[in-house]
Structures are given as C-alpha cells and as structure tokens.
Colleague: 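So that we are looking at the same thing, I have put the structure below in structure tokens.
A quick note: this is a predicted structure, and the numbers were derived from the prediction, not measured. Proteins come first, then strands; the chains are lettered A, B, ... in the order of their sequence lines, and each starts at number 1.
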2 protein chains.
Amino acid sequence: MFTIGRNTDYASRIVLHLACLEPGARVTAADIASRRLIPSAFIRRIVSRLSAVGVLATVRGSGGGIALARPAAQITLREVVEAFEGPLSLNVCVASPAICPLSVTCPVQQAWVGATQHLAAFLTGVTFGDLAREIRDPQSVP
Amino acid sequence: MFTIGRNTDYASRIVLHLACLEPGARVTAADIASRRLIPSAFIRRIVSRLSAVGVLATVRGSGGGIALARPAAQITLREVVEAFEGPLSLNVCVASPAICPLSVTCPVQQAWVGATQHLAAFLTGVTFGDLAREIRDPQSVP
DNA sequence: CGTAATGTTACCAGAATAGTAATCTTTATC
DNA sequence: GATAAAGATTACTATTCTGGTAACATTACG
Ligand code: SF4
Ligand code: SF4
C-alpha cells in the first residue's frame, strides 16, 4: 500500500503529544503510551531512537521522563520520518543509482528524484509547532 | 526504506519501452524482458495487470504481443504506480481514517493527506510521453 | 538499598516481497 | 487440423520485513 510503518506513526504521536504540553514539560513514556494508544513495550525503542536522533531529551532514573530536545517549532515531520524510514527515497535508484544498470539513461529515475524532492520539501515544511496549534478538541490535550 | 516495490518499477520499464517505439508498435513480452532486465517469468503477471488496468493492449497467439492501449502522452506515472501499490496513501489513515481512533482530532493525519495529494499531483503530471522524449542515448531505443 | 524510570537486546509469528515454475488458453500460420 | 508461438493463470518457495512481546541492564533519586 506504500505507506509509512507503524513505528514512524507512533513516533509522530509521541512528538505531537509533547508538543501540545507546556514547553519543556517532561512526561514518562508509559504515560504517553497509554494516552496515545502505543503498545507499552514498544515505546521504549521508539523513544530511544528519537533521542539518538536529537529530537527527544530523556532523563533516566526515578522521576525521569522524556521531553522535546528543541522547541516544537524546530522539529519537522520529515525528521521524524527519516529517523525510522531512512533517507527519503521513493525508488531504490534515488538513494543509490548504481543499483540499477539502466539508471544512466533512465528518465523515470529523474521523475522519482523529483517526486522525492517534492515530498521532502513538503514534510520539511510541516513542524510540530504548527501541528500542535491545530488541535481543536481540548479533550485530546489532557 | 519507504520505496515502491520492484513490480512497480518493472512496470514502468515496460511502459517506457513501448513509449519509445513507434506509436502502436507491438512487441513480445519476452523481448522487453530481455532488453529491460526483467526476470522473464516475472513479466507475465505484470503485463497481465497492466492490461487489466487499461494501460496495455495485448494480443494472444502466434504473432501476438503487447502494445500501449492509449497514446503514451495519456499514460501517467501515477496510473502505473497505483496499479501495483494501490491508491496512493502515505499513511494508513489517509485511505481509511476509521482505522485509527485518534484520527478525529489528529493534525498529523491532515499533514499526511496533504503530502499524499501533493505526491499524487506530481505523479499525475508525469506522462510517459514526456519521459520517452527525454531519452538522449539512442542506444537504449533499439 | 529499593524503586522508578529509560536503554538494550533477543526473540517470535505472521505478512509481504521477489522470484520460480508449471500449466492452460488463444490464435496465426502452414 | 496440427503445430507452434504467444499471453493468462495459478501455485509454490525462500527470504526478508513488520509489528509486537519479553526479559534484562542501566541510571538516578531518596
Ligand atoms: S529502471 Fe529507471 S526508475 Fe527503475 S530502478 Fe532503474 S533507473 Fe530507477
Ligand atoms: S495517529 Fe494521526 S497520523 Fe497516526 S494513524 Fe492515527 S490519525 Fe493517522
């Protein structure tokens, strides 16, 4: 169906949740997991990777939790997606042209490069600051 | 890596190959397979589906072959992609919002809807007529 | 030390992918 | 009509990917 994986979606839920709170607020992963319907044993790896990428800042130990590493307005959807899906590349030959012997003269490749760039530009333009501001239903920001 | 499947890519090779020939030219599947590096036993299913979708017209029996069902300028990359990947939907909730309980208030979904529409528009704008015209190396049009 | 939290690793079942192969149907031609 | 050349259809396999679970390790507070 050509969609992003669940990991990526879960990651966006986590970042969105934090973006809706007070700037700098710190919450436990288990809390987010229950509120955003993320399998509890799953969220560990996701948070781990997001912090490795520099999107989240975590504090271990009792009283710890997770928070945004930067203001939500500086975190793009593209960043979150690429943290789990790798660099955007709608066809294999976009990321590594050498993989296909036809790539030298293939006009379709050019089309995929263009499509990938367009998509990348769009996702770069979406920040979690914008997304958090679009929330209408206060119920979802407990 | 979030890319299209090989089937889809093979399909675009086939359509491109036909688009580079004289309009209405008919060629055997085995011929395309060998020239465009497509596994010979693979091309059957691909051609079959492309003709079911109305992109290719096939003629069975001795002396038969496959040809474009319409002028190349009227066949878009999007059509070929959707024939194998299904309707474009960069996240599961774009095609079927009911699948996610959060979709009612989720601003991320709106972002994915937008991204999907942008991508769809781009791919609709790419026709195989244009692609065939971009071929520079005459070697690839034997 | 005990407890609460994240970090890391290993594991598993099921689905999807890429590819192979065999068999059936149609049809031009001799 | 026999034959052979083509596409149509179906079934199968091996490998990888995915979504998910579980267990254990690490850190920090009090
Ligand atoms: S045939 Fe063209 S589009 Fe397909 S993988 Fe090769 S270079 Fe890319
Ligand atoms: S959380 Fe939002 S983006 Fe993710 S599946 Fe649900 S509605 Fe779609």
Colleague: Verify the distance criterion only: is there a donor paired with an acceptor across the side chains of A:Ser103 and A:Gln109 at less than 3.5 Å?
Modeller: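 Per modelled atom types, A:Ser103 and A:Gln109 side chains form no pair under 3.5 Å.
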Colleague: Find the distance A:Phe42:CZ to C:dT9:C1' and express it as a whole number of Å.
Modeller: 15 Å
Colleague: Distance check needed: D:dT3 P versus B:Arg60 CZ, whole Å only.
Modeller: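 Value for this atom pair: 21 Å.
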Colleague: Is B:Thr58 close enough to D:dA8 that one of its side-chain N or O atoms is under 4.0 Å from OP1 or OP2 there?
Modeller: yes
Colleague: In whole angstrom, give the distance that lies between atom CZ of B:Arg44 and atom P of D:dA11.
Modeller: 17 Å
Colleague: Please report, rounded to the nearest Å, how far the C1' atom of D:dG19 is from the CZ atom of A:Arg49.
Modeller: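 The distance from CZ of A:Arg49 to C1' of D:dG19 comes to 14 Å, rounded to the nearest Å.
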Colleague: Between B:Arg70 and B:Glu79, does at least one N-O distance fall below 4.0 Å, as a salt bridge requires?
Modeller: yes
Colleague: Rounded to the nearest angstrom, tell me the gap between atom CZ in B:Phe84 and atom C1' in C:dG19.
Modeller: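 Between C1' of C:dG19 and CZ of B:Phe84: 15 Å.
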Colleague: Compare the minimum distances between each of C:dT6, D:dA22, D:dG7 and the side chain of A:Ala41, then state the nucleotide with the smallest one.
Modeller: D:dA22
Colleague: Just the rounded figure in Å: distance from P of D:dG19 to CE of A:Met1.
Modeller: 12 Å
Colleague: More 5' along DNA chain D: B:Gly65 or A:Ser62, using each one's nearest nucleotide?
Modeller: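 This one resolves to B:Gly65.
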Colleague: For residues B:Phe2 and A:Phe2, establish whether the separation of their ring centroids is below 6.0 Å.
Modeller: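 For B:Phe2 and A:Phe2, the ring centres are under 6.0 Å apart.
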Colleague: Compare side-chain N and O positions of A:Tyr10 against OP1 and OP2 of D:dG20 and report whether any pair is under 4.0 Å apart.
Modeller: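 Yes, within the criterion.
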Colleague: Whether A:Ser48 contacts C:dT6 is assessed here as follows: a side-chain N or O lying under 4.0 Å from the phosphate OP1 or OP2. Is that the case?
Modeller: no
Colleague: Starting at the 5' end of DNA chain C and moving along, which residue's nearest nucleotide shows up first, A:Arg45 or A:Val59?
Modeller: A:Val59
Colleague: Using whole Å, report how far CD1 of A:Ile43 lies from P of C:dG7.
Modeller: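 Checked: the CD1 to P distance equals 11 Å.
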Colleague: Report the relative orientation of the aromatic rings in B:Phe122 and A:His118; use parallel for angles under 30°, tilted for 30 to 60°, perpendicular for over 60°.
Modeller: tilted
Colleague: Quick check on DNA chain D: between A:Pro39 and A:Gly63, whose nearest nucleotide comes earlier from the 5' end?
Modeller: A:Pro39
Colleague: Just how far, in rounded Å, is P of C:dT17 from CG of B:Asn7?
Modeller: 9 Å
Colleague: At 4.0 Å (heavy atoms only), tell me whether B:Arg6 reaches a base, stays on the sugar-phosphate, or touches nothing.
Modeller: sugar-phosphate
Colleague: Distance only, no hydrogens: is a donor on one side chain within 3.5 Å (strictly under) of an acceptor on the other, for A:Thr28 and A:Asp31?
Modeller: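 No, no side-chain donor-acceptor pair sits under 3.5 Å.
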